[in-house]
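Scroll down for the structure; my scribbles are underneath it.
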Amino acid sequence: MPSTRPSLASTRSEVELVKALLLRSLHLQLERPPGPLRPAIEAALASHGRPLRWAITAAGERHLEIEAVVVGEADGIRQSRA
Amino acid sequence: MTGSGTPVPPLPTLLVIPTGIGCELGGYAGDGLPAARLLAAASGCLITHPNVMNGASLYWSDRRIHYVEGSALDRFACGDLALRPVRRQRLGLLLDAGIEPELLQRHLQVAEGCRASLGLEIGPVLRSDAPLAVSLERGPSGASWGRLGRPDALLRAGEALQRAGATAIAVVARFPEDPASEALAAYRGGSGVDALAGAEAVISHLLSQHLGLPCAHAPALSPLPLSADLDPRAAGEELGYTFLACVLVGLSRAPDLVPAPATGAWSDPQLLRPDLIGAVVAPADALGGAAVLACSERGVRVIAVHNPCLLQVNAAALGLEVLPARSYSEAAGLVLALREGIAPAALQRPLPPLTWLQAR
């Protein structure tokens, strides 16, 4: 859910900065980790947002290709009448 | 020698056929259902996801099959959730504000029909406060993906339904249409990828993770012009005006999702716990998803079935140990062997040699 920051009031309308949910598509190439693959992939995705859906779409000797959708946040502006 | 008429306990088995990668079996309109039914009979307890079970106007209900949305199935495989079988769910119906009035009416009539003819408990119903703005994408691999422009509107509506007493949620979102596209023609002809599937999975994953409820999705689309060359695997989606009936039936007895307790283990003996999983069945070239990897990490037997798709992420590429199966019939035989305690290797010839542990 959007979380609200302190609003920036104007005379005729309320303008507030909000955190908007944003879904982001990713294509990552990862160096193949030495241990279990899943925790390493989820850690790599976490730096881009909360992993929503992912899969290894190609696996070579040294690299893995991952396609994913992650949930992030973006600043937005909501305007309403005062 | 032994043998008796005592029923053999079920072997909880996961069936995963990933969505939107063009699996030859299971990549279309519920055409994984016969395999699911067979594996349910072999295992006595099958946990699988909507992509396997949903055939739009076609569906099948079996007490041995547990209908679990994909991200919840992943969390179950990872040991983060248990499943609680229920007699029925109270289904909230979440309708995208972007659905036109006539199409909306069609979906409401499906809900009414499922109440009247199947006895499902449906309601409350709610429209999102803004159009969800679904968009479709293809990844570099060719797999289908997608997003929605207003995830906040989806989650607000889901929260309102949950507060109003819904215990599971069916979502209907308006999907973009391109009836003349080559991709759609290929899919209807039986040689393409389900272009809608990736976005559908994103919607149900987002809502289920946020609410902790069983959720599933049906796309709202205008009917397509009649095709004389329709592949039988895609036919389930062209029998009616909506894809909603199978979702309502599947969710009507979907198990509750029970998070792992902060301390200790689950105490409810009725729960289907993740440590009880005995096998996972997945396409041999699509083993790189969370559920299969988690099961493999935990020592659960992975049965890799020949089921060609876009990907080539197989056991050799990932370094996984698997039981290969040439078909879902063979996979069912392996599940039955595991359930009966028969070593799969004993069913092969030549019999692999005994392995010796080297003395120090």
Side-chain angles (χ1 to χ4, degrees), chain A residues 1-5 16-46 48-81, chain B residues 18-21 70-71 74 77-78 134-135 137-156 158-159 198-206 208-210 285-298 310-320:
Chain A
M1 295 304 297
S3 59
T4 307
R5 287 178 177 173
E16 56 186 8
L17 292 177
V18 295
K19 284 287 186 188
L21 277 183
L22 183 71
L23 303 185
R24 198 176 290 141
S25 301
L26 292 178
H27 174 224
L28 298 182
Q29 190 177 64
L30 299 183
E31 204 166 300
R32 199 167 173 136
L37 301 178
R38 185 181 58 89
I41 292 166
E42 290 181 346
L45 290 171
H48 298 268
R50 180 165 58 83
L52 187 62
R53 181 174 187 249
W54 60 265
I56 302 173
T57 53
E61 277 184 24
R62 294 184 167 196
H63 293 98
L64 301 173
E65 307 243 349
I66 315 294
E67 292 176 23
V69 171
V70 299
V71 185
E73 288 184 337
D75 285 330
I77 295 175
R78 180 189 293 152
Q79 190 163 358
S80 59
R81 294 195 175 182
Chain B
T19 301
I21 57 168
S71 74
D74 288 347
C78 293
V134 175
S135 58
E137 297 171 0
R138 295 288 282 268
S141 67
S144 76
W145 293 85
R147 286 180 289 167
L148 62 168
R150 294 298 305 270
D152 57 313
L154 176 76
L155 300 186
R156 269 195 302 279
E159 287 174 351
E200 291 196 83
V202 164
I203 291 169
S204 59
H205 284 26
L206 184 64
S208 181
Q209 284 183 17
H210 184 70
D285 288 325
L287 299 178
V292 172
L293 294 177
C295 284
S296 176
E297 286 163 20
R298 295 171 51 217
L310 286 176
L311 309 181
Q312 293 183 331
V313 183
N314 54 34
L318 295 176
L320 303 182

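Lettering of chains follows the sequences in order, A, B, ..., and the numbering in each one begins at 1. Just so we're clear, the structure is a prediction, and the values are computed from it rather than from any experiment.
Contact annotation for Ile21(B): neither backbone nor side-chain heavy atoms come within less than 4.5 Å of a heavy atom of chain A. Interface remark: Val69(A) contributes backbone and side-chain atoms alike to the contact with chain B (heavy atom separation under 4.5 Å). Both the backbone and the side chain of Thr19(B) have a heavy atom closer than 4.5 Å to some heavy atom of chain A. Contacts of Ala58(A) with chain B are made by backbone atoms alone, with heavy-atom separations under 4.5 Å and no side-chain atom involved. For Arg24(A), the part lying near chain B is the backbone, with the side chain staying farther off; criterion is any non-hydrogen pair under 4.5 Å. Looking at Val202(B), both its backbone and its side chain come within 4.5 Å of chain A, counting heavy atoms on both sides.
Between the side chain of Gln209(B) and the main chain of Ser71(B), no donor-acceptor pair closer than 3.5 Å is present. Remark: the backbone N or O of Leu206(B) is not paired with any side-chain donor or acceptor of Arg53(A) at under 3.5 angstrom. A side-chain donor-acceptor contact under 3.5 Å links Ser204(B) to the backbone of Ala201(B).
Per-residue heavy-atom pair counts under 4.5 Å with chain A were compared for Pro140(B), Pro18(B), Ala317(B), and the maximum is reached by Pro140(B). Taking chain B as the reference chain and counting heavy-atom pairs below 4.5 Å, the highest number among Leu37(A), Ile41(A), Leu64(A), Ile66(A) is found for Leu37(A). Ranked by non-hydrogen atom pairs under 4.5 Å with chain A, the options Gly319(B), Gly289(B), Pro151(B) are led by Pro151(B).
Put simply, the residue from Leu311(B), Leu293(B), Leu287(B) that forms a side-chain contact (heavy atoms from CB on, under 4.5 Å) with Ile56(A) is Leu293(B).
Heavy atoms only, all atoms of each residue included: Pro51(A) and Leu45(A) are closest at CG-CB, 3.8 Å.
Contact check for Glu67(A) versus His27(A): side-chain heavy atoms found under the 4.5 Å cut-off.
By the neighbour-count criterion of 12 heavy atoms within 6.0 Å, atom CD of Glu137(B) is densely surrounded, having more than that number from other residues, nucleotides or ligands.
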